[in-house]
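Chain letters run A, B, ... following the sequence lines, proteins first and then strands; every chain starts at 1.
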Amino acid sequence: MTASARTAVRPVRQTRAIGAAIEGWGRADGGATRRDDLPWRSTRDPWAVLVSETLAQQTQLSRVVPAYHRFLAEFPTASDCAAAPLGDILRAWRGMGYNRRARNLHLAAAAVVDRHDGQVPDDLDALLALPGIGPYTARAILAFAFDRDVGVVDTNAGRVLSRAVEGRSLRPAEAQALVDAMVPSGRGWSFGQALLDLGALVCMSRTPVCGACPVRRRCRWAVAGRPEPDPAKGSAGVSTVQARFDGSDRQGRGRLVAALRTGPVGPDEVAVTAGWPGDTDRARRVAEGLVAEGLAVRDPAGALRLP
DNA sequence: TAAACGTGGGG
DNA sequence: TCCCCACGTTT
């Protein structure tokens, strides 16, 4: 390691101090800048945590709450989910978008039944092997269901880590090692919750509220006067801009799946249902994509329906 | 590694 | 109406 690289990294002792400050803020804040009202905060049921975190992927939490309740009411265990046809899962998924998440959740439930006797595993590699469970969700399950000392890096945590701890953009492995080192011993759950809340409600993307931040005096970016470019841009875990939705295949797919939740879509209805009455080829191609992904099936009459 | 993948709310 | 935004994973 070069001398410049060494001086660019904050000493482990200071990193741990920032972690302790964040965890302490989460416990002492009183809720003013926390999201204690979220229903999954009060559960440690690993299946419920897996469901809530999968629903939360790329989705605002306010929209996750009703889906979380109806999903767990219908599928209270992984076995219940695995035993149901995918169509039932997709109907419970209504309004959530990114329907591949629902398919992957169904597959994950089946894998939990087959490989883990119906119990969500508390092992990182086993979790990562489940469909739809990536680096964030696997560690969220470990921290929030099993209170393990692992750090979680989503878009909000990614901002905090890049701005406050190092003051520069981070690579994924670097961010993960950093956040793991910040977890106060035995405080995986409360540290993770506090970190996510801090990122979502204080260290916001466009207009961070540094005056309300528990680490403002230790934050490299804040202390430096928040210079541009924002170190969070392009840093590990931080969301990037998406392709335009209006007019996209995604929009047509969404329309088709929404219609399929109500009933079958005949071959002559696909184009109009997808929103492209003048482009049958495109509609057919997108419909085939849904079939190929297992999100729809074609019955003997050629109509599209949910699996 | 870039691109695909949905939806609803707010300004 | 249009644009921006929001607690990732897969190929």
Heavy atoms under 4.0 Å, any strand shown: does Leu256(A) hit a base, just sugar-phosphate, or nothing?
nothing

Here the distance between atom C1' of dC5(B) and atom CD of Gln242(A), to the nearest Å, is 7 Å

Under 3.5 Å side-chain donor-acceptor pair for Gln57(A) and Arg101(A):
no

Give none if dG6(B) has no partner; otherwise give the nucleotide forming a Watson-Crick or G-U wobble pair with it, both distances under 3.5 Å.
none

What nucleic acid atoms does Thr137(A) come within less than 4.0 Å of, heavy atoms only: base, sugar-phosphate, or nothing?
sugar-phosphate

Take atom P in dC5(B) and the same atom in dA6(C), then report the distance between them in whole Å.
22 Å

Base, sugar-phosphate, or nothing for Arg253(A), non-hydrogen atoms under 4.0 angstrom?
sugar-phosphate

Between Arg103(A) (CZ) and dG6(B) (P), how many Å, whole number?
10 Å

Which one of Asp180(A), Val183(A), Leu142(A) satisfies the side-chain contact (heavy atoms from CB on, under 4.5 Å) criterion with Asp149(A)?
Val183(A)

Atom CE of Met96(A) to atom C1' of dT9(C): distance rounded to whole Å?
15 Å

Hey, does Ser205(A) reach any base, or is it just sugar-phosphate, or nothing, if we go heavy atoms under 4.0 Å?
sugar-phosphate

Residue met sooner reading DNA chain C from 5', once Met204(A) and Leu128(A) are mapped to nucleotides:
Met204(A)

Without decimals, in angstroms, what is the distance between Arg250(A) CZ and dG8(C) C1'?
13 Å

Can you confirm whether Val152(A) sits close enough to Val179(A) that some side-chain heavy atom of one is under 4.5 Å from a side-chain heavy atom of the other?
no

Without decimals, in angstroms, what is the distance between Trp93(A) CH2 and dC5(B) C1'?
13 Å

Tell me which nucleotide among dA4(B), dT7(B), dG8(C) gets nearest to the side chain of Arg63(A).
dT7(B)

Nearest to side-chain heavy atoms of Asn104(A), which nucleotide of dT10(C), dG6(B), dG8(C):
dT10(C)

Do we see a donor-acceptor contact under 3.5 Å between the side chains of Glu53(A) and Tyr136(A)?
yes

What contact category does Asp246(A) fall into here, base, sugar-phosphate, or nothing, at under 4.0 angstrom with non-hydrogen atoms?
nothing

Could you state the atom-to-atom distance from CD of Gln58(A) to C1' of dG8(C) in whole Å?
5 Å

Rounded to whole Å, the CG-C1' distance (Leu61(A) to dG8(B)) equals 14 Å

How many whole angstroms separate atom CG of Asp249(A) from atom P of dA3(B)?
15 Å

Rounding to an integer number of angstrom, what distance separates dG8(B) and dT9(C) when you compare their P atoms?
23 Å

Between Gly132(A) and Trp40(A), the residue closer to the 5' end of DNA chain C by nearest nucleotide is Trp40(A)

At 4.0 Å (heavy atoms only), tell me whether Gln60(A) reaches a base, stays on the sugar-phosphate, or touches nothing.
base

What is the nucleic acid contact for Arg244(A), judged by heavy atoms within less than 4.0 Å: base, sugar-phosphate only, or nothing?
sugar-phosphate

Give me the atom names and distance for the closest heavy-atom approach of Glu74(A) to Ala92(A).
OE1-CB, 3.8 Å

For Ala232(A), is there any backbone N or O sitting under 3.5 Å from a side-chain donor or acceptor partner on Ser235(A)?
no

